[in-house]
Number of protein chains: 2
Amino acid sequence: MATGRTHRPATRSRGIPEATVARLPLYLRALTALSERSVPTVSSEELAAAAGVNSAKLRKDFSYLGSYGTRGVGYDVEYLVYQISRELGLTQDWPIVMVGIGNLGAALANYGGFASRGFRVAALIDADPAMTGKSVAGMAVQHADDLEKIVDENGVSIGVIATPAGAAQQVCDRLVAAGVTSILNFAPTVLSVPDGVDVRKVDLSIELQILAFHEQRKAGDAADEGEVPPAAGGVGVEGPAAKVTKAAPSGGSDRKGPDGDVPAVMPA
Amino acid sequence: MATGRTHRPATRSRGIPEATVARLPLYLRALTALSERSVPTVSSEELAAAAGVNSAKLRKDFSYLGSYGTRGVGYDVEYLVYQISRELGLTQDWPIVMVGIGNLGAALANYGGFASRGFRVAALIDADPAMTGKSVAGMAVQHADDLEKIVDENGVSIGVIATPAGAAQQVCDRLVAAGVTSILNFAPTVLSVPDGVDVRKVDLSIELQILAFHEQRKAGDAADEGEVPPAAGGVGVEGPAAKVTKAAPSGGSDRKGPDGDVPAVMPA
DNA sequence: CCTTGTGAAGGAGTTCACAGCA
DNA sequence: TGCTGTGAACTCCTTCACAAGG
């Protein structure tokens, strides 16, 4: 997950597990592709493959939405597209504001994936006066001074922060004060928000670090020994096959101290 | 999660849970900030607050790495920075290639968060001949024809895909064939890779859709009854009955039927 | 005392496997 | 017959609460 959660301590809300919600967009994308190819129905097996999950999980996910399938047949593509869209709230218009129009912000503004899902970029905001008035993705960048007014006039409830880390919390506070209740944060910093506000984060460097962790392990395994033949583990798409990743050499319980490692960067 | 998991279902590796690995970069960032302020030690409570998690979770996470703290005192900041860096494999150099230098790819190339964590952009690759030779983030963009050579000569094991969805799988296949074993995918598509290759994905539109889901719920709650001031009814907090959508209390299985919902903002 | 480290309890999410229905 | 929908088992993660130890 490149993303972060935030709210929902104890609520049950309506019962759809968070993990399921996170997969609905995936199903929707796969279904949309099928719809464009005019495929009328699809089985859980096929759809699961297209979405990169396993079929039992998919069926369980759909069961939280209701019984939208037909036994012996599968799911009606168009119907499911509609139901999932509705569940996700994509049948309505979501005006969003984007704050911080640097490299990343501009790239996001140009990203086409928004509009196609009911999201409409209502305004681009930047604190740099030099940016004000410039056209990015066909829109004039507005100055941060007008943030509150922009949020209010456009009825914005979702904000995207793509500012430098140092400015993120302040921007966040202003967005929240202006009425925004959902924030997508690209700045590499932890945002604190009051209850009732959702924050999700996307952090590129965190994703790479997680990959590096596994990459390092692979390298270590390979070097460590030649063992560990096919076991059970797969990568992305299904695959009951094997993954390598090695098992801990020791069962050692005394983990204290570095494992005889190079102290290298130890503090002064 | 904006991200996707991928491998390791059954392996125990060295025992560090995936959820913990995903948080290590967060701790590292917080620790780095403390280190820059020359703070010598930190308690689990303080560090947890800075990282946005709760302290019990943080202590449990650290317990998987070893006993690096001192009871009654806390953790030595510099020492922890080093241990986590080592655990994540950041004490070594990771050359990465970025494929697809469009708006997003260029923004990523300019992103400073990579270098600071041991990641080095070894090459920028694009399939468009018009891009070849152009300078982006101080590097000359190379043509996709040379992908294999580039990966091989630079010993690249991590690739970043920022191409359009249609080209992603093909690029992915070539990267993998060339020896890349970890991929960070920004293209809105599911990649299939052989066992042993890790894929993580970042999808902007998915993140927004998840926010929209919760946003929609909030709106429904508020409308349902007389608001909900900044009390305890907000978002995650309890919400007695779920007004929206059916809930089929009894073991009843007849959830069928489309929306038993409030039409609310339904489009035409 | 104060804070870590951790067994144990509690939840959440996933997978299994099969009953149920078209 | 074929595929959905789902109880139940299982695995993974989180939280609690307290013993251990500086």
Side-chain angles (χ1 to χ4, degrees), chain A residues 1 5 8-13 15-24 27 41-49 51-77 79-80 83 232-234 238-240 253-257, chain B residues 1 4-13 15-24 27 41-49 51-77 79-80 83 236 248 250-257:
Chain A
M1 308 172 339
R5 271 266 261 10
R8 222 251 331 239
T11 319
R12 254 250 84 57
S13 282
I16 300 185
E18 188 63 26
T20 294
V21 171
R23 280 188 295 269
L24 292 181
Y27 301 143
T41 62
V42 64
S43 68
S44 62
E45 202 70 55
E46 298 166 323
L47 183 53
V53 304
N54 83 35
S55 65
K57 190 187 289 183
L58 177 144
R59 287 199 303 278
K60 179 69 94 179
D61 283 341
F62 285 179
S63 79
Y64 292 116
L65 307 183
S67 296
Y68 294 150
T70 305
R71 294 168 200 247
V73 179
Y75 300 91
D76 180 280
V77 174
Y79 187 56
L80 252 192
Q83 289 301 342
E238 47 162 8
S253 45
D254 67 304
R255 299 227 203 73
K256 187 73 178 186
Chain B
M1 348 196 145
R5 266 265 255 22
T6 304
H7 81 92
R8 226 250 324 240
T11 318
R12 256 247 89 58
S13 284
I16 301 185
E18 187 63 25
T20 294
V21 172
R23 280 187 295 268
L24 292 181
Y27 300 143
T41 62
V42 64
S43 69
S44 63
E45 202 70 55
E46 298 166 322
L47 184 53
V53 304
N54 84 34
S55 64
K57 191 186 290 184
L58 178 144
R59 289 200 301 279
K60 180 68 96 180
D61 283 340
F62 285 179
S63 78
Y64 293 116
L65 307 183
S67 296
Y68 294 150
T70 304
R71 294 171 200 244
V73 179
Y75 300 91
D76 180 283
V77 174
Y79 187 56
L80 251 192
Q83 289 300 343
S250 67
S253 45
D254 75 298
R255 295 227 204 77
K256 194 71 176 184

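Because the structure is a prediction, the values reported are computed rather than measured. Only this structure's heavy atoms are used, side chains among them; waters, hydrogens and symmetry mates stay out. Chain A is the first sequence line, chain B the second, and so forth, proteins listed ahead of strands; every chain is numbered from 1.
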May I have the distance from A:K60 (atom NZ) to D:dG5 (atom P), rounded to whole angstrom? 12 Å
Rounded to the nearest 0.5 Å, what separates atom OG1 in B:T70 from atom CG in B:D76? 7.5 Å
Any N or O donor-acceptor pair linking the side chain of A:R71 to the base of D:dT4 at under 3.5 Å? yes
Point-to-point distance, once rounded to the nearest 0.5 Å, from OG1 of B:T20 to OH of B:Y64: 5.5 Å
Calculate the interatomic distance between A:L58 atom CG and C:dT14 atom C1'; express it in whole Å. 13 Å
Give the rounded distance in Å between these two atoms: CG of B:D61 and C1' of C:dT4. 14 Å
Atom-to-atom span, CZ of B:R59 to P of D:dA20 - whole angstrom: 16 Å
Measure the OH-CG distance between B:Y68 and B:L80 for me, rounded to the nearest 0.5 Å. 8.5 Å
State whether A:Y75 places a side-chain N or O below 4.0 Å from either non-bridging phosphate oxygen (OP1 or OP2) of D:dG5. yes
Nearest-nucleotide check on DNA chain C, A:T20 vs B:T70; residue mapping nearer the 5' end is B:T70
Assign each of A:G72 and A:A19 to its nearest nucleotide of DNA chain C by heavy atoms, then name whichever residue's nucleotide is nearer the 5' end. A:A19
To the nearest Å, give me how far apart CD (B:E18) and P (C:dT14) are. 13 Å
Atom CZ of B:F62 and atom P of C:dT4 are separated, to the nearest Å, by 10 Å
Hey, does the side chain of B:S43 reach the backbone of B:E46 with a donor-acceptor pair shorter than 3.5 angstrom? yes
By nearest-heavy-atom nucleotide on DNA chain D, the more 5' of B:R23 and A:E45 is A:E45
Can you see if the side chain of A:N54 gets near the phosphate of C:dT15 - specifically, an N or O under 4.0 Å from OP1 or OP2? yes
In whole angstrom, what separates B:L65's CG from C:dG5's C1'? 13 Å
Look at the side-chain N and O atoms of A:S44 and state whether any lies under 4.0 Å from the OP1 or OP2 oxygen of D:dC3. no
Distance, rounded to the nearest Å, where A:L47 contributes CG and D:dG2 contributes P: 21 Å
